[in-house]
There are 2 protein chains.
Amino acid sequence: MCFKKKTNSDAWWHLWKCNRCVQKRGEDTRQKLLQAAFDEIHKVGFQAASLSKILKNTGITKGALYHHFSNKLDLGYAVVDEVLFTSFKETWLEPLNNTEDPISVLQEILIASGDSMTDEDARLGCPIHNLAQEMSPLDKGFQQRTVDIYALWRKSLEAAIERGKLAGNVVPEADARRLAILFIATLDGCMGLAKSTQRLEMLLECGRGLIEHLELFRPKK
Amino acid sequence: MCFKKKTNSDAWWHLWKCNRCVQKRGEDTRQKLLQAAFDEIHKVGFQAASLSKILKNTGITKGALYHHFSNKLDLGYAVVDEVLFTSFKETWLEPLNNTEDPISVLQEILIASGDSMTDEDARLGCPIHNLAQEMSPLDKGFQQRTVDIYALWRKSLEAAIERGKLAGNVVPEADARRLAILFIATLDGCMGLAKSTQRLEMLLECGRGLIEHLELFRPKK
DNA sequence: ATAGTTGCATACCGATTGGTATGTATGTAT
DNA sequence: ATACATACATACCAATCGGTATGCAACTAT
């Protein structure tokens, strides 16, 4: 495991990847492993995820894996912290934190997600939700990480709604906290429904309903 | 495996247990296996459920298990068809199918469930929902079974609401189908939230909110 | 140039997995 | 009483699991 580097490089590529690895080659295989692990976990869950399969899919050997991660749990945590959280931050946190019109932003995210959503995406469901539901009763590490992400989601959504009210983009009667919770719960419900029915169309329909529903909180001109 | 019996007994105990087994002793161990399998699956999911652990917990041997079930999948299906579906039928279907006041019935179920709900129940979540979410993308058998249960739930709820409207126990403006879907989705959301936070109190709070919310659909005298 | 670190490959390990083969005691039907 | 089906128990199996030990090539710092 490479958690304490003796060499402290300042190579050019360290500018956009944090320096967990000294050489670029190391960071590359590390990212490949994370992506493959994410795919495997997304498909079958963390417990059933097979390290051998991840290695077979990437062509990377077991020696490399255990050079970068101390064990399976460590790999799982890294997937949450780096792959899942990063993607979550880009799709939800950053847009929400930089707007005074949260309704439009949410609708745009839903539309964009719907457009890029594949059939497999819909059938596999939200990876963060999956992991939270599978692992929360079994492992504190996963439980803490996923519940933190949900809390962050709710808070940034709540704050955006408050700003929206001040800017006149959200009706003043709206209860920001309740609305935030409701939105997340409903979206979770939609994803779960699509997963249990295994139908992408179900998800798109729910999404359209949610987009329409959000319109109710936009002030009339 | 005992799926085609040569002997066709009509012993007294066959009156309340269907005659999958000829001898009472066989039916007993079968039920013990189903219950232990349910517990194990509820705790860690189907894929991670260990047959060896189920056997250890019951003291039953592997020979007995494979006498009653052809393989792990067969055992899993039996848990859904017999344990889960039976319990679901008793708690939801029968009360809903025999009432013209669905609001009161739903509230009573929620209250009773809340009272008997243990901390572990809340942390492990709804077993049907768990199985649906874990296995739907992976196995048609589980997907079909769980989605059928959800459909049955929604239909019986919808029908009860319609009867409630005719009997004057539900406001006539209520959209039965939408209300049924919303109730199920919300309850699922509550259970999921409690599971991800690992807090029973979260579930009870959601339940109280739901009970209160249902009151809105009762006609004012 | 050389010493030391990093990155990875190969081979191996015990434990556990779901599943099977075989033997036997108990019950049932005639 | 006898023939047969039922209901197990025991022992074994290959495959896979996560994890480790060791060796070596490539890169880095001095």
Side-chain angles (χ1 to χ4, degrees), chain A residues 1-14 17 19-34 36-37 40-41 44-77 139, chain B residues 1-14 17 19-34 37 40-41 44-77 138-139:
Chain A
M1 253 276 289
C2 55
F3 58 99
K4 269 226 168 172
K5 302 292 165 187
K6 305 294 170 79
T7 31
N8 224 334
S9 167
D10 55 350
W12 56 274
W13 61 273
H14 276 185
K17 290 290 181 191
N19 57 346
R20 255 177 311 259
C21 305
V22 172
Q23 306 172 21
K24 171 156 167 51
R25 174 161 155 261
E27 186 65 33
D28 280 352
T29 65
R30 193 190 142 90
Q31 292 302 323
K32 271 187 200 168
L33 281 171
L34 283 174
E40 172 78 359
I41 292 174
V44 300
F46 175 75
Q47 298 181 94
S50 155
L51 298 182
S52 323
K53 246 173 220 161
I54 294 173
L55 296 175
K56 190 173 286 180
N57 290 341
T58 53
I60 295 173
T61 64
K62 194 163 273 191
L65 199 166
Y66 279 90
H67 172 73
H68 289 286
F69 305 97
S70 59
N71 51 37
K72 188 185 178 184
L73 205 57
D74 187 41
L75 173 62
Y77 290 168
D139 182 87
Chain B
M1 251 277 288
C2 58
F3 58 99
K4 266 222 171 176
K5 303 292 164 185
K6 304 295 169 80
T7 31
N8 225 334
S9 168
D10 55 350
W12 56 274
W13 61 274
H14 275 184
K17 290 291 181 190
N19 57 347
R20 256 178 310 259
C21 305
V22 172
Q23 306 171 22
K24 171 155 168 53
R25 173 162 154 262
E27 185 65 33
D28 280 351
T29 64
R30 193 189 142 91
Q31 292 301 322
K32 271 188 199 167
L33 281 171
L34 283 174
E40 172 79 358
I41 293 173
V44 300
F46 175 76
Q47 298 180 96
S50 153
L51 297 183
S52 324
K53 247 173 222 164
I54 294 173
L55 296 176
K56 191 172 287 181
N57 289 342
T58 54
I60 295 172
T61 63
K62 194 162 272 190
L65 199 165
Y66 280 91
H67 172 73
H68 289 286
F69 306 97
S70 59
N71 50 39
K72 188 186 179 183
L73 204 59
D74 188 40
L75 173 63
Y77 290 168
L138 302 175
D139 181 88

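Below, read A as the first sequence line, B as the second, and so on, with proteins coming before strands; counting in each chain starts at 1.
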Non-neighbouring partners of A:Lys32 that pass side chain to side chain contact (heavy atoms under 4.5 Å, CB included), sequence neighbours left out: A:Ile60
Between the side chains of A:Tyr66 and A:Asp74, is a donor N or O closer than 3.5 angstrom to an acceptor N or O? no
Starting the side chain at C-beta, find the nucleotide from C:dA9, C:dT6, D:dC8 nearest to A:His67. C:dT6
Check against side-chain hydrogen bond (donor to acceptor under 3.5 Å, both in side chains), A:Asn71 and A:Tyr77: CA-CA 10 Å; A:Asn71 51 37; A:Tyr77 290 168; over 6 Å; no
How many angstroms lie between CG in A:Leu65 and NZ in A:Lys62, if you round to the nearest 0.5 Å? 8.0 Å
Side-chain N or O of A:His68 less than 4.0 angstrom from OP1 or OP2 on C:dT6? no
Ignoring backbone atoms, establish whether B:Thr29 has a side-chain N or O less than 4.0 Å from OP1 or OP2 of D:dC8. yes
Atom NZ of B:Lys32 and atom P of D:dA7: how far apart are they, to the nearest Å? 15 Å
Which pair of non-hydrogen atoms, one from A:Ala49 and one from A:Ile41, has the smallest distance, and what is that distance? CB-CG1, 4.0 Å
Rounded distance (Å) that lies between atom P of D:dA7 and atom CZ of B:Arg30: 11 Å
Under 3.5 Å, is there a donor on one side chain and an acceptor on the other for A:Glu27 and A:Gln23? no
Does any pair with a residue in residues 45-59 of chain B pass side chain to side chain donor-acceptor pair (under 3.5 Å), and if so which ones, sequence neighbours excluded? B:Gln47-B:Glu134
Could you tell me the separation between the CG atom of B:Leu33 and the P atom of D:dA7, rounded to a whole number of Å? 13 Å
Note, A:Leu51 side chain near A:Leu75 side chain (heavy atom, < 4.5 Å): yes
Atom NE2 in B:His67, atom CZ in B:Arg30: separation rounded to 0.5 Å? 10.0 Å
What is the distance from CG of A:Leu73 to P of D:dC17, rounded to the nearest Å? 18 Å
Heavy-atom nearest pair, A:Lys72 first then A:Phe46, reads NZ-O, 3.0 Å
What is the distance, rounded to the nearest whole Å, between atom CZ of B:Phe69 and atom P of D:dA7? 12 Å
Contacts to DNA chain D from residues 48-57 of chain A, heavy-atom cutoff under 4.0 Å, which residues? A:Ala49, A:Ser50, A:Leu51, A:Ser52
Within this structure, what is the CG-to-C1' distance between A:Asp74 and D:dG19, rounded to whole angstrom? 13 Å
How long is the line joining CG of B:Leu65 and P of D:dA7, in whole Å? 14 Å
In this structure, CG of A:Leu33 is separated from OG1 of A:Thr29 (nearest 0.5 Å) by 6.0 Å
End axis versus end axis in the helix from C:dA1-D:dT30 to C:dT30-D:dA1, the angle rounded to 10°, five pairs used at each terminus: 10°
Whole angstroms only, please: what is the CD-P distance between A:Gln47 and C:dT17? 12 Å
Check nucleotides 20-27 of chain D for protein N or O atoms closer than 3.5 Å to its own N or O atoms and list the pairs.
none

